[in-house]
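See structure below.
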Amino acid sequence: MATYHTKALILGSGAAGCTAAIYAARASLEPIMVHGMQPGGQLTITSDVENFPGFEHAVQGPWLMEQMEKQAAHVGTKIFHDTIVKVDLSKRPFTCTGDGGDIYTGDTLIIATGASARWLGIPSEKTFQGFGVSACATCDGFFFKNKEVVVIGGGNSAVEEALYLTNLASKVTLIHRRDSLRAEKIGQERLFKHPKVSVIWDSAVEEFLGTENPTNLTGVRLKNLKTDAVSEYKADGAFVAIGHTPNTQLFTAQVTLDDDKYIVTRPGSTTTNIPGVFAAGDVQDKIFRQAVTAAGTGCMAALEAERFLLAAGH
């Protein structure tokens, strides 16, 4: 078992982690970035990325993350393919333990572990992910211009996704397993008034339907939870909007979390309740959840870590 020390330890290798690594390396902090469970973060399960600045044409999510990681390595980041299973933030340097027993210590810690979209967990969901099934309307809605889409869910995120999609799709159908929504009333009112929106109540998606070669979604099989009646509903796209889970399990009881388990940072900053610990990207941002905003907070975290070390006399 080896021990590795750095001035800036970064957990997570998505847009926030890679950007933090690039800035930290350029500040001569000799950062270490630990990959985590999903190397490259959520962009690695996104096919076409059209909204990240700098590319005239759509780029592939996995390719974009590969480039970010190569850039981080090129400027001097040490990258470890490991998953952290234990953290001790009670004293500096902060200590993180990998699942193979290796120890990583950092004078500062940047948490960029991201969030995971909640999925329905049915087998056909994976088949059509990136081919009509998505968990992000702002990322993928553009591909469904003038097409018919369904949104699955009943909370704020489902209502927001459905309303966003009305700007693009020809028809938006919200599918909810209950007979009323949990979303805020103002959002519900806007949704019900919208001429493009219809709602299917008391229904769950049993299966995503479509073609192979090419893989394309054509609809969903629904089950009415009150009558058990099964029906098929035509759709060119399906957006699963049942929320996100921030990857903060490791930090419970050490870093302050909000009611939804996102890390609380000071407004206009990435600082947490623990001096020297910073949080960037989707682990602390439940509003925007975009690669470009994650990258922005990654930059902020590295600059704040550098300032913290200068003030501490490192």
Side-chain angles (χ1 to χ4, degrees), residues 1-45 62 65-66 68-116 245-257 261 263 270-284 294 298 301-302 304-306 308-310 312-314:
M1 309 305 163
T3 297
Y4 305 94
H5 180 73
T6 173
K7 290 178 184 172
L9 178 57
I10 301 160
L11 306 185
S13 52
C18 284
T19 307
I22 291 161
Y23 274 81
R26 287 173 54 82
S28 301
L29 301 184
E30 299 172 331
I32 283 175
M33 181 170 77
V34 183
H35 257 163
M37 289 285 284
Q38 190 175 6
Q42 291 188 73
L43 272 186
T44 55
I45 55 165
M65 290 320 304
E66 193 181 293
M68 277 195 211
E69 188 173 307
K70 282 181 176 172
Q71 186 179 358
H74 177 73
V75 290
T77 305
K78 283 185 178 160
I79 299 167
F80 288 83
H81 298 266
D82 202 349
T83 301
I84 299 302
V85 293
K86 193 172 130 200
V87 297
D88 181 1
L89 309 182
S90 62
K91 59 185 188 301
R92 293 182 46 236
F94 306 113
T95 304
C96 299
T97 308
D99 66 359
D102 288 347
I103 305 287
Y104 305 88
T105 61
D107 296 325
T108 60
L109 177 68
I110 296 172
I111 302 169
T113 48
S116 306
T245 304
N247 300 320
T248 53
Q249 301 88 332
L250 282 176
F251 313 105
T252 310
Q254 298 192 71
V255 177
T256 302
L257 307 178
K261 302 284 190 273
I263 294 177
T270 63
T271 55
T272 68
N273 61 304
I274 301 173
V277 176
F278 307 89
D282 287 13
V283 78
Q284 53 82 233
E304 289 187 297
E306 182 190 8
F308 175 85
L309 290 168
L310 284 171
H314 282 273

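Sequence positions, counted from 1, serve as the residue numbers for this chain.
Closest non-hydrogen pair, Ala20 versus Ala302, comes out as O-CB, 3.4 Å.
Annotation: side-chain contact (heavy atoms from CB on, under 4.5 Å) contacts of Ala305 (sequence neighbours excluded): Thr108, Ile110, Phe278. Residues meeting the side-chain hydrogen bond (donor to acceptor under 3.5 Å, both in side chains) test with Thr83, sequence neighbours left out: none. Scanning for salt bridge (charged side-chain N to carboxylate O under 4.0 Å, His left out) contacts around Lys86 gives an empty result, with sequence neighbours left out. The side-chain hydrogen bond (donor to acceptor under 3.5 Å, both in side chains) check on Thr252 picks up nothing, with sequence neighbours excluded. Listed by chain and residue number, Asn247 satisfy the side-chain contact (heavy atoms from CB on, under 4.5 Å) test with Ser116 (two or more places apart in sequence, or in another chain). For Asp102, the salt bridge (charged side-chain N to carboxylate O under 4.0 Å, His left out) criterion is met by no residue, not counting sequence neighbours. For Ile103, the side-chain contact (heavy atoms from CB on, under 4.5 Å) test picks out Thr3, Thr95, Thr97, Thr105, with sequence neighbours left out. Partners of Thr245 according to the side-chain contact (heavy atoms from CB on, under 4.5 Å) rule, which considers only residues two or more places apart in sequence or in another chain, are Arg118. Legend: residues meeting side-chain hydrogen bond (donor to acceptor under 3.5 Å, both in side chains) with Asp99, ordered by chain and number and at least two apart, are absent.
Every pair passing side chain to side chain donor-acceptor pair (under 3.5 Å) that includes a residue from residues 11-37 is listed here, sequence neighbours excluded: His35-Glu69, His35-His81. Identified under the ring pair (Phe, Tyr, Trp, His ring centres under 6.0 Å) test for residues 2-22, with sequence neighbours left out: Tyr4-Phe80, Tyr4-Tyr104.
Rounded to the nearest 0.5 angstrom, Thr272 OG1 and Ile111 CD1 are separated by 6.5 Å.
When atom types are taken as modelled, the side chain of Gln284 and the backbone of Thr270 share no donor-acceptor pair closer than 3.5 angstrom.
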